[in-house]
2 protein chains.
Amino acid sequence: MNGRFQIAIHILTLLSRANNELLSSEYIAGSININPALVRKEISNLRKKGLIKSKEGKAGGYSLGIPAHEIKLSAIYQAVKQQQILGQAKNVPNPYCPVGKQINKHLQHLYGEMEDVLSAKLGALNLAEFSTKFD
Amino acid sequence: MNGRFQIAIHILTLLSRANNELLSSEYIAGSININPALVRKEISNLRKKGLIKSKEGKAGGYSLGIPAHEIKLSAIYQAVKQQQILGQAKNVPNPYCPVGKQINKHLQHLYGEMEDVLSAKLGALNLAEFSTKFD
DNA sequence: TTCATCTGTAATAAAAAAAATTACAGTACA
DNA sequence: TGTACTGTAATTTTTTTTATTACAGATGAA
């Protein structure tokens with residue numbers, strides 16, 4: 001669960017409460033208290049996944065790409081997670097050790113199962129439900 | 001799921017296969033391919049949680065603190081996770097924004113639920129089972 | 001006793017990752 | 001044609017993680 005999930009869900013929550021009014025990156029950044037360029041960067045990613053629409057130019061800004069009740073939290077998680085969390089492809093364990101030789105494979109499998117239960121849990125919640133907490 | 005979990009489970013797997021023979025930090029470090037001081041540091045933590053026993057001095061080394069089948073993977077996870085993953089207590093969202101004001105509380109709750117399902121999943125597996133994968 | 005081989009721990013440095021900042025081209029409205 | 005936005009890249013700063021070095025203390029053995 002990295003910091004990007006937090007930013008992404010914050011952005012999406014703001015948009016889901018905006019009633020189709022466009023919000024600017026500066027406004028969003030003000031609510032999160034981070035730099036507008038970071039907001040635009042994360043939105044750039046979420047837009048590619050279809051979760052957000054943007055309009056350029058004067059009076060431009062952002063809105064949800066699909067209705068909030070169709071956005072499962074698992075979709076946000078998937079959109080934001082970079083690569084397999086599995087550690088450090090760099091740290092190559094000792095290939096001459098029976099444990100070192102295989103452990104990454106087994107951990108990979110274990111982590112996959114973990115992701116599955118997380119996704120299942122997050123898939124049971126959607127953005128509309130999450131947003132109502134702020135009423 | 002951070003890098004320390006990977007190191008911790010690697011250490012514990014080695015110990016569980018050592019048949020009560022003591023392993024040195026240097027041997028363990030050689031299998032993981034990291035620095036022996038890091039191994040000792042992580043073991044220092046796992047020892048405080050009772051998962052590992054150590055013996056100082058010449059011919060010293062490490063062994064499991066309790067039988068492998070009594071070590072749930074969730075216990076390893078708990079031992080290793082530092083603080084609530086919840087992001088950045090530093091990044092304080094805008095308190096004048098209805099979303100910014102409450103989002104950390106709601107995320108905290110959400111993350112708590114996530115931890116619960118993870119722990120449940122990991123609690124169904126123990127170190128002995130994990131170790132048999134290496135036979 | 002004294003040497004050799006370990007652990008325990010702290011201090012420091014190096015490397016990697018994350019976050020912030022700055023800058024500016026492109027777009028659209030008025 | 002000016003203004004207010006987005007899109008994106010380049011760069012710097014900060015934070016976190018990992019590695020290294022060092023050495024005191026413990027223990028067993030010659």
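Not measured: the values here are computed from a predicted model. Order of the sequence lines fixes the chain letters, A, B, ..., with proteins taken first and strands second; residue numbering starts at 1 for each chain.
The CG atom of A:D116 sits 15.0 Å away from the OH atom of A:Y111 when rounded to the nearest 0.5 Å.
Between A:S54 and D:dT6 there is no side-chain polar atom (N or O) within less than 4.0 angstrom of OP1 or OP2. The side chain of A:Y62 contributes an N or O atom lying less than 4.0 Å from OP1 or OP2 of D:dG7. Remark: A:S44 is not in phosphate contact with D:dT6, judged by side-chain N or O atoms under 4.0 Å from OP1 or OP2. At C:dT9, one or more side-chain N or O atoms of B:R47 fall inside 4.0 Å of OP1 or OP2 (strictly under the cut-off).
C:dC29 atom C1' lies 13 Å from atom CG of A:L22, rounded to whole Å. In this entry the distance linking CZ of B:R40 with P of D:dA19 reads 14 Å, nearest Å. Rounded to an integer number of Å, the gap from NZ of B:K53 to C1' of C:dG8 is 19 Å. Rounded to an integer number of Å, the gap from CG of B:L23 to P of C:dT5 is 18 Å. Atom CD of A:E42 and atom P of C:dA19 are 10 Å apart (whole Å). Computed from coordinates, the B:E26 CD to D:dT20 C1' distance equals 14 Å when rounded to whole Å. In this structure, A:K48 places its NZ atom 9 Å from C1' of D:dG7, rounding to the nearest Å. The CG atom of B:N33 sits 12 Å away from the C1' atom of D:dA19 (whole-angstrom rounding).
Side-chain proximity of B:S24 to C:dT7, C:dA28, D:dT8: nearest is C:dT7. For A:L38, whose side chain is taken as the heavy atoms from C-beta onward, the closest listed nucleotide among C:dT21, D:dA19, C:dT7 is C:dT21. Side-chain proximity of B:K58 to C:dT9, C:dA30, D:dT27: nearest is D:dT27.
For the pair B:K55 and A:K55, nearest-nucleotide mapping onto DNA chain D gives the more 5' position to A:K55. With DNA chain C read from its 5' end, the first of the two nearest nucleotides for A:N35 and B:K41 is the one closest to B:K41. Between A:E56 and A:P36, the residue anchored closer to the 5' end of DNA chain C is A:P36, taking for each the nucleotide with the nearest heavy atom.
The two residues A:Y77 and A:L118 make their nearest non-hydrogen contact at OH-CD1, 4.1 Å.
Salt-bridge formation is detected for the pair A:D135/A:R17: a Lys NZ or Arg NE/NH1/NH2 atom is positioned less than 4.0 Å from an Asp or Glu carboxylate oxygen.
A donor atom on one side chain and an acceptor atom on the other are not found under 3.5 Å apart for B:S119 and B:S74. For A:N45 and A:K49, the side-chain atoms include at least one donor-acceptor pair closer than 3.5 Å.
Backbone-only engagement by A:I34 is indicated by non-hydrogen atom pairs under 4.0 Å involving sugar-phosphate atoms exclusively.
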